[in-house]
Amino acid sequence: MDTTPVPHDLIVVGAGFTGMHAVIHAARQGLDVLGLETGADVGGTWYWNRYPGSRCDVESIDYSYSFDEELEREWRWTERYATQPEILRYLEHVADRFDVRRHYRFEQEVAAADWDEGTQRWTVRTTSGLVAAARWLLMASGSLSRPLAPTIPGRADFAGEVYFTAAWPKEPVDLNGKRVGLIGTGSSGIQSAPIIAAAAKELVVYQRTANYSVPALNRPIGDEEWAREQQQLPERRRLSWHGLAGSPWTAHPVPFETLRPAERDAVFEESWERGGVLFAKAFMRQTVDPAINEAARRFFERKLAQAVRDPQTLADLTPDDHPIGTKRICTDSGYYAMFNEPHVSLVNLKRDPIVEITPGGIRTRSGERELDVLVFATGFDALTGALTAMEIRGRQGVLLRDAWATRVTTYLGIAVPGFPNLLTLNGAGTPSVLTNMALGGEQQSDYALRLIAHCARQGFTSAEASADAAEAWTTHVAEVAAGTLFATTRSWYTGSNVEGKPADFLPYLGGFRPYIDKLEQIAAEGYPGFVLGSVAGSS
Ligand code: NAP
């Protein structure tokens, strides 16, 4: 067991899009960087989420690194929305091309990190006994990387196969001829269900809350289209970097109020036909103004009614507890139509709750269904879960988990008072999950590395969010959310899917570009809101 801490300039936790970007650019900056990753290789989200049907719902051409033009030119995406294997191959290619793996230690899950005020360093320990020290600790540990297992009585007694979408085995899983129970109808469940149904003898979908899903309208990218996309790429990137969500798409430019009902429907139809998550913001202010949202919801309901034949199943699939788009809208390929098939059924857990999991299946109030396989698509402890699972101790040994017990306070989403030199990339208070994470990750990594370079140039050894600045930022994040319909919805955005988690709206809803502009202004002004210090205590 290696117990001697080797001081590095920085440690990056995670080898997903963001962590790899940080490692590549830290090395280019001449820093001694150590990467730590729980998985056996690079990929992050795309390493773990190998479930059937797993694919991104941001268009492939946009969901890729923008920092290297040659990389952009040499990689050829094959589908409009890339599958998990293709995205993983892309990240492996990036790792090869930029020799990323030599900086990483894989199968190293970080268990603890302690700040030492004397040396102004973090000491990091992994569950396999590796100990390392560094001046800076960059957490690129994922916004949706801490899966949640439901606490259903009898879960451990099930005698058949059990899979989690967020930890799907690398080896092929054969569902042919099996009776499968799928619990969870968020993006993961809705994406995987039709693929599972195509193989299984029987599929029972256990739905607690009905969700909104829009057809993805995925298709292969032909050579002509690819050539056109390549030509458009610089402009797509420009629009993405200047947009509200890191993609080139914007809402319909004409205000909803000025259009007649038929014209509004035409806008919804156009958005629906384009496919994908953008239906959630077909019009400006759709997730702010209840009237616009209601019109979108009614349009959705008409589409749903066209897809599902059985009236009871249709009623059960109709969302009734939140405005459209205020939980992450889902995208699918044949999810609703799948329920017309005789071997697929829906159990509405609001009417017929689960009593227990038995060795042979699931017993709901109405009776037991026999199953061979259980698939849990039950979500994540989002944005803070990966961090609070670790024992991260800042000044005076305060545990991050305790510091955030009643309120998740951050400065710009990337720094926490009391935790110097800890930079939480894509953390609570960043736009992260509301944007194209490929570009969001680049922005976060780049900003953190520039702060580190600034400190090195100025002779500072530490940067810490001031309590006042963090209070002001956290209040701002909450106020922006309170002005929208998101605030009315229980979701993983607000932590309400995790028992005991503070009910704050976690991501920053102010938009990708406004967020970047704010951070750039802070950098230009010499990082107000950060207390910069040095070992000797002098500046
Ligand atoms: P999720 O959206 O949180 O969905 C979890 C599902 O499990 C919900 O339907 C939830 O029901 C249900 N559930 C949880 N505990 C349960 C219990 N004890 N009994 C019954 N049902 C239970 O998680 P996810 O589907 O993994 O998606 C998370 C996020 O990851 C997405 O919103 C998206 O941002 C991202 N993602 C993206 C893609 C993509 O790009 N296409 C694909 C997958 C994931 P309730 O709603 O009632 O809590």
Side-chain angles (χ1 to χ4, degrees), residues 17 44-46 48-60 62-63 80-84 87 142-155 164-168 181-193 195 204-216 218 245 247 275-277 280 317 319-322 325-333 335 346-350 352-357 362 364 374-383 385 426 432-438 440 489-499 501 506-507:
F17 262 98
T45 286
W46 302 105
W48 297 106
N49 288 267
R50 297 165 186 260
Y51 59 85
S54 173
R55 64 171 79 235
C56 188
D57 56 14
V58 176
E59 289 188 61
S60 314
D62 302 314
Y63 191 75
R80 184 180 183 208
Y81 297 106
T83 58
Q84 173 274 332
I87 301 172
S143 310
L144 291 156
S145 56
R146 189 83 194 160
L148 288 174
T151 50
I152 300 174
R155 188 163 70 83
F164 282 81
T165 49
W168 199 265
L182 169 67
I183 301 182
T185 51
S187 295
S188 304
I190 283 179
Q191 250 185 356
S192 59
I195 315 287
V204 186
V205 176
Y206 292 88
Q207 170 196 279
R208 193 166 62 183
T209 310
N211 232 322
Y212 298 91
S213 187
V214 178
N218 182 48
S247 94
V277 290
L317 285 168
D320 61 0
D321 75 329
H322 65 285
T326 58
K327 270 185 177 180
R328 177 65 143 68
I329 202 161
C330 304
T331 59
D332 70 274
S333 301
Y335 177 68
L346 181 72
V347 178
N348 180 346
L349 298 178
K350 291 217 166 118
D352 187 12
I354 294 178
V355 177
E356 61 172 346
I357 294 177
I362 294 183
T364 58
L374 288 186
V375 175
F376 291 101
T378 40
F380 300 86
D381 184 350
L383 288 133
N426 300 321
S432 57
V433 290
L434 302 171
T435 68
N436 169 2
M437 293 286 283
T489 301
R490 288 170 59 79
S491 70
W492 59 259
Y493 291 142
T494 63
S496 54
N497 63 332
V498 181
E499 217 183 314
K501 193 165 172 174
L506 294 170

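First listed ligand is number 1; within each ligand, the first listed atom is number 1.
- For the salt bridge (Lys or Arg N to Asp or Glu O under 4.0 Å) test, residues two or more places apart in sequence or in another chain that qualify with R80 are E59.
- Under the ring-ring contact (aromatic ring centres under 6.0 Å, His included) criterion, F164 pairs with F376, not counting sequence neighbours.
- Here the rule is side-chain hydrogen bond (donor to acceptor under 3.5 Å, both in side chains) with D332, and of S192, S187, S213 only S213 fits it.
- For ligand 1, the protein residues placed under 4.0 Å by at least one non-hydrogen atom are Y51, R55, C56, D57, L144, P150, I183, G184, T185, G186, S187, S188, Q191, R208, T209, K327, R328, L349, A377, T378, G379, F380, W492.
- In this structure, Y206 has no ring-ring contact (aromatic ring centres under 6.0 Å, His included) partners at least two apart in sequence or on a different chain.
- Between the NZ atom in K350 and the CG atom in D320 there is a gap of 6.0 Å [rounded to 0.5 Å].
- Each of T185, D321, L349, N497 was evaluated against T209; a single residue qualifies, D321, per the side chain to side chain contact (heavy atoms under 4.5 Å, CB included) test.
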